[in-house]
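Numbers here simply count residues along the sequence, with the first being 1.
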Amino acid sequence: MISIISGQKGKGKTKILIEKANTEVLNAKGSIVFLDKSNRHMYELNTKIRLVNVREYFIENHSEFIGFICGIISGDHDLQTIYLDSFLKNAFVDNSNFEHVISKLEKISEAFKVDFVLSISMDYEQMPDSVKKFVIVSL
């Protein structure tokens with residue numbers, strides 16, 4: 001399953017994402033990973049959540065990012081949820097590949113039973129219609 005928290009920069013998406021991850025980990029049966037562009041939120045996350053700084057892995061395009069996601073999943077068979085902050089930047093997503101990347105994540109989610117929660121700096125109205133169904137919070 002894919003869930004999206006959308007809204008322009010500075011609206012509080014990251015705070016909601018962190019709260020959601022910290023709440024989920026309390027009753028999680030599997031492991032939880034939080035992908036971010038830095039280690040800045042390390043002390044805000046529950047210590048049971050693995051924080052991964054995506055920038056440390058030299059990812060240069062959306063295809064490499066999808067491969068990175070698959071690598072994380074293949075290394076943790078108990079993975080339950082991946083939280084992705086700053087999704088557009090970290091995944092190298094723009095208008096030309098947005099729907100393609102979301103479609104790939106949806107297939108990965110279904111195949112490996114891993115949920116994705118994405119923070120996307122974009123208004124709901126700007127999103128392609130095929131992606132709007134995944135929005136759970138619009139700020």
Side-chain angles (χ1 to χ4, degrees):
M1 178 180 78
I2 295 175
S3 300
I4 295 174
I5 299 167
S6 72
Q8 291 301 318
K9 185 175 178 171
K11 293 287 187 177
K13 296 179 302 299
T14 299
K15 181 179 178 188
I16 292 170
L17 199 67
I18 290 170
E19 287 173 0
K20 189 165 175 48
N22 283 337
T23 300
E24 181 179 359
V25 78
L26 298 176
N27 298 310
K29 300 212 183 325
S31 56
I32 296 176
V33 173
F34 193 98
L35 303 181
D36 205 348
K37 63 181 183 274
S38 72
N39 294 323
R40 187 173 126 201
H41 301 292
M42 179 183 340
Y43 300 109
E44 297 171 63
L45 289 167
N46 184 300
T47 56
K48 294 179 182 177
I49 299 171
R50 179 174 176 216
L51 174 66
V52 177
N53 180 348
V54 175
R55 301 289 165 101
E56 293 178 347
Y57 293 91
F58 311 106
I59 298 168
E60 296 180 357
N61 59 55
H62 71 279
S63 294
E64 289 179 5
F65 183 80
I66 293 294
F68 180 70
I69 293 290
C70 290
I72 289 172
I73 293 170
S74 72
D76 185 351
H77 297 288
D78 294 324
L79 190 58
Q80 178 174 317
T81 307
I82 298 177
Y83 286 83
L84 298 111
D85 197 18
S86 303
F87 175 70
L88 298 177
K89 287 184 181 180
N90 285 332
F92 295 86
V93 172
D94 57 29
N95 290 335
S96 69
N97 60 17
F98 192 174
E99 290 179 277
H100 171 72
V101 173
I102 295 293
S103 174
K104 280 287 227 188
L105 286 180
E106 188 175 21
K107 289 176 186 173
I108 292 167
S109 175
E110 290 170 6
F112 299 104
K113 308 298 183 246
V114 174
D115 293 333
F116 293 96
V117 183
L118 317 175
S119 162
I120 297 180
S121 292
M122 180 183 286
D123 286 328
Y124 177 82
E125 295 77 24
Q126 296 174 301
M127 291 187 184
D129 289 336
S130 65
V131 176
K132 289 179 179 179
K133 65 184 176 187
F134 299 117
V135 175
I136 59 169
V137 177
S138 179
L139 303 172

Note to self: Side chains of Phe112 and Leu79, heavy atoms from C-beta outward: is any pair under 4.5 Å?
What the structure shows: no
Margin query: For Met122, is there any backbone N or O sitting under 3.5 Å from a side-chain donor or acceptor partner on Gln126?
Written below: no
Checklist line | Nearest-0.5 Å distance that lies between atom NE2 in His100 and atom CG in Leu105 | finding: 9.5 Å
Next item on the list: For Lys13 and Gly7, indicate whether the former's side chain and the latter's backbone hold a donor-acceptor pair under 3.5 Å.
Entry: yes
Next item on the list: Hey, could you give me the NZ/OG distance between Lys11 and Ser121, rounded to the nearest 0.5 Å?
Entry: 11.5 Å
Note to self: Take a 6.0 Å sphere around CG of Asp94 and say whether it holds more than 12 heavy atoms from other residues, nucleotides or ligands.
What the structure shows: yes
Note to self: Using side-chain heavy atoms (C-beta onward) and a distance below 4.5 Å, is Ile108 in contact with Val114?
What the structure shows: no
Next item on the list: Group every Ile, Leu, Val, Met, Phe, Trp and Tyr by side-chain heavy-atom contacts under 4.5 Å, then state whether Ile82 and Val93 land in the same group.
Entry: yes
Check: Should the pair Phe98 and Phe87 be assigned to parallel (<30°), tilted (30 to 60°) or perpendicular (>60°) ring geometry?
Finding: tilted
Next item on the list: Examine Ile18 and Ile120 and state if one hydrophobic cluster contains both, with Ile, Leu, Val, Met, Phe, Trp and Tyr joined whenever side-chain heavy atoms are less than 4.5 Å apart.
Entry: no
Item checked: Backbone of Ser63 reached by a side-chain donor or acceptor of Asn61 within 3.5 Å -> yes
Next item on the list: Output yes when a side-chain donor or acceptor of Thr81 lies under 3.5 Å from a complementary backbone atom of Phe116, and no otherwise.
Entry: no
Notebook entry, point to check: How about Asp115 and Ser3: do any of their side-chain heavy atoms sit closer than 4.5 Å?
Noted result: no
Item checked: Least distance between heavy atoms, Leu45 atom then Ala21 atom -> CD2-CB, 4.4 Å
Margin query: Side chains of Gln80 and Glu24, heavy atoms from C-beta outward: is any pair under 4.5 Å?
Written below: yes
Checklist line | Linked, directly or transitively: Ile32 and Leu26 (ILVMFWY side chains, under 4.5 Å) | finding: no
Notebook entry, point to check: Under 3.5 Å, side chain of Asn22 to main-chain N/O of Glu44, donor-acceptor pair present?
Noted result: yes
Checklist line | N/O donor-acceptor pair under 3.5 Å between Glu106 side chain and Ile2 backbone | finding: no
Checklist line | pair Val137-Lys20: side-chain heavy atoms closer than 4.5 Å | finding: no
Check: Would you call Asn90 and Arg55 a side-chain contact if the rule is heavy atoms closer than 4.5 Å?
Finding: yes
Next item on the list: May I ask whether Val25 and Leu84 are part of the same hydrophobic cluster, defined by side-chain heavy atoms of I, L, V, M, F, W, Y residues being less than 4.5 angstrom apart, directly or through others?
Entry: no
Note to self: Walk me through whether Asp76 and Arg50 qualify under side chain to side chain contact (heavy atoms under 4.5 Å, CB included).
What the structure shows: CA-CA 11 Å; Asp76 185 351; Arg50 179 174 176 216; over 6 Å; no
Margin query: Please determine whether the number of non-hydrogen atoms from other residues, nucleotides or ligands lying under 6.0 Å from atom NZ of Lys107 exceeds 12.
Written below: no
Item checked: Residue among Phe92, Tyr57, Phe58 satisfying ring-ring contact (aromatic ring centres under 6.0 Å, His included) with Phe68 -> Tyr57
Notebook entry, point to check: Say you draw a straight line from OH of Tyr83 to OG1 of Thr14; how long is it, rounded to the nearest 0.5 Å?
Noted result: 13.5 Å
Check: Could you give the distance from OG (Ser109) to CD1 (Ile73), rounded to the nearest 0.5 Å?
Finding: 8.0 Å
Check: Under a 4.5 Å cut-off applied to non-hydrogen side-chain atoms, are Ile5 and Ile136 in contact?
Finding: yes
Item checked: Contact check, side chains of Leu139 and Ile16, non-hydrogen atoms, under 4.5 Å -> yes
Next item on the list: For the pair Lys37 and Val54, evaluate side chain to side chain contact (heavy atoms under 4.5 Å, CB included) and give the outcome as yes or no after the intermediate values.
Entry: CA-CA 5 Å; Lys37 63 181 183 274; Val54 175; over 6 Å; no
Check: Among the clusters formed by ILVMFWY side chains lying less than 4.5 Å apart, do Leu35 and Ile102 turn up in the same one?
Finding: yes
Note to self: Quick check: closest heavy atoms across Ser86 and Asp36, and the distance to 0.1 Å?
What the structure shows: OG-OD1, 4.3 Å
Next item on the list: List the steps, then state whether side chain to side chain donor-acceptor pair (under 3.5 Å) holds for Asp85 with Ser119.
Entry: CA-CA 5 Å; Asp85 197 18; Ser119 162; 3.1 Å; yes
Notebook entry, point to check: Thr23 side chain to Glu19 main-chain N or O, any donor-acceptor pair under 3.5 Å?
Noted result: yes
Item checked: CG on Leu88 to CG on Asn97, rounded to 0.5 Å -> 9.5 Å
